[in-house]
Amino acid sequence: MTYTLATTVALPWAEALERTRAALAAQGFGILTEINIRSTFEAKLGTDAADAVGDYVILGACNPSLASRALAAEPQMGALLPCNVVVRRKADAQETTVEAIDPQAMVQLSDAPAVKIVADDAGTRLRKALASLDGAAG
């Protein structure tokens, strides 16, 4: 099973990161957390580890309405929130990859029909956000 939704865009990494934030906001997602993996690796593991991972940020995106519905259906879903969205690029790459957890992965872990409805909605919104990045490149 593929567990991410992804796009690769011909945008510099910093621009792809900013456009990803804007695309998520346009779909009702706020950013609750931001983890700069490159900086963390450099601080904890050294420059070689940071260079190996390249530019790499994990955005913890949350749509409060969807999260509320998912938690009401199944409180354990909180362990899967927020939705992680990764913006990454190797040092020598010409393109930036943006990928998000596929909310359908949640459906595989739950029997609650309401979770499927929420996952369908979240998936539609994440796909629209990624598609808008494709249109922004160039």
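Below, each value reflects all heavy atoms present in this structure, side chains not excepted, and no hydrogens, waters or symmetry copies. Start at 1 with the first residue, then count along the sequence.
- Judged by distance alone, the side chain of Arg88 and the main-chain N or O of Glu99 form no donor-acceptor pair under 3.5 Å.
- When all heavy atoms of Thr47 and Glu42 are compared, the pair lying nearest together is OG1-OE2, 3.5 Å.
- Checking Glu74 against Ser110 by side-chain atom types alone, a donor-acceptor pair falls below 3.5 Å.
- Not one N or O on the side chain of Ser68 forms a donor-acceptor pair closer than 3.5 Å with the backbone of Pro64.
- Under the 3.5 Å distance criterion, the side-chain polar atoms of Arg38 are left unmatched by any main-chain donor or acceptor of Tyr56.
- Taking every heavy atom of both residues into account, Asn63 and Gly28 meet most closely at ND2-O, 3.2 Å.
- Following chains of ILVMFWY side-chain contacts shorter than 4.5 Å, one cannot reach Val86 starting from Leu24, and the two form parts of different hydrophobic clusters.
- The line from OG1 of Thr97 to NZ of Lys90 is 10.5 Å long, rounded to the nearest 0.5 Å.
- With hydrogens and angles ignored, the 3.5 Å screen pairs no side-chain donor or acceptor of Asp55 with any backbone N or O of Trp13.
- Counting only heavy atoms from C-beta outward, the side chains of Val85 and Ile58 never approach each other to under 4.5 Å.
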Report task. Show your reasoning for whether side chain to side chain contact (heavy atoms under 4.5 Å, CB included) applies to Leu5 and Arg127. Result -> CA-CA 7 Å; Leu5 307 171; Arg127 282 183 184 83; 3.5 Å; yes

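- With rounding to the nearest 0.5 Å, the separation of CZ in Arg125 from OG in Ser65 is 6.5 Å.
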**Report entry** Val118 vs Met77, side chain to side chain contact (heavy atoms under 4.5 Å, CB included): CA-CA, chis, key distance, verdict
**Finding:** CA-CA 11 Å; Val118 170; Met77 284 290 121; over 6 Å; no

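- Linking ILVMFWY side-chain heavy atoms closer than 4.5 Å, directly or via other members, places Val53 and Leu45 in a single hydrophobic cluster.
- Across Val107 and Ala119, no two heavy atoms sit closer than the pair CG2-CB, 3.5 Å.
- Atom-to-atom distance recorded for Leu66:CG and Asp120:CG is 11.0 Å, nearest 0.5 angstrom.
- Not a single donor-acceptor pair under 3.5 Å links the side chain of Asp102 to the backbone N or O of Ala105.
- Atom CD in Glu34 sits 6.0 Å away from atom CG in Leu17 (nearest 0.5 Å).
- Tracing side-chain contacts under 4.5 Å through hydrophobic residues (I, L, V, M, F, W, Y), one reaches Ile35 starting from Phe41; they form part of the same cluster.
- Nearest approach of Ala67 to Leu81, heavy atoms of both residues: CB-CD1, 3.9 Å.
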Query - Trace of the side chain to side chain contact (heavy atoms under 4.5 Å, CB included) decision for Gln27 with Thr124 - result: CA-CA 9 Å; Gln27 292 301 318; Thr124 297; over 6 Å; no

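- Note that the CG atom of Asn36 and the CG atom of Leu59 stand 10.0 Å from one another [nearest 0.5 Å].
- When the side chains of ILVMFWY residues are joined at heavy-atom separations under 4.5 Å, either directly or via intervening members, Ile31 and Val57 end up in a single hydrophobic cluster.
- To the nearest 0.5 Å, atom OG1 of residue Thr20 and atom CG of residue Leu130 are 7.5 Å apart.
- Counting all heavy atoms, side chain and backbone alike, Leu71 lies closest to Gly78 at CD2-N, 3.2 Å.
- With sequence neighbours left out, the side chain to side chain donor-acceptor pair (under 3.5 Å) criterion links Thr33 to no other residue.
- Side-chain atoms of Lys116 never come within 3.5 Å of backbone atoms of Asp111 as a donor-acceptor pair (strictly under, hydrogens ignored).
- Scanning both residues, Ala112 and Ala73, for their nearest heavy atoms gives CB-O, 4.3 Å.
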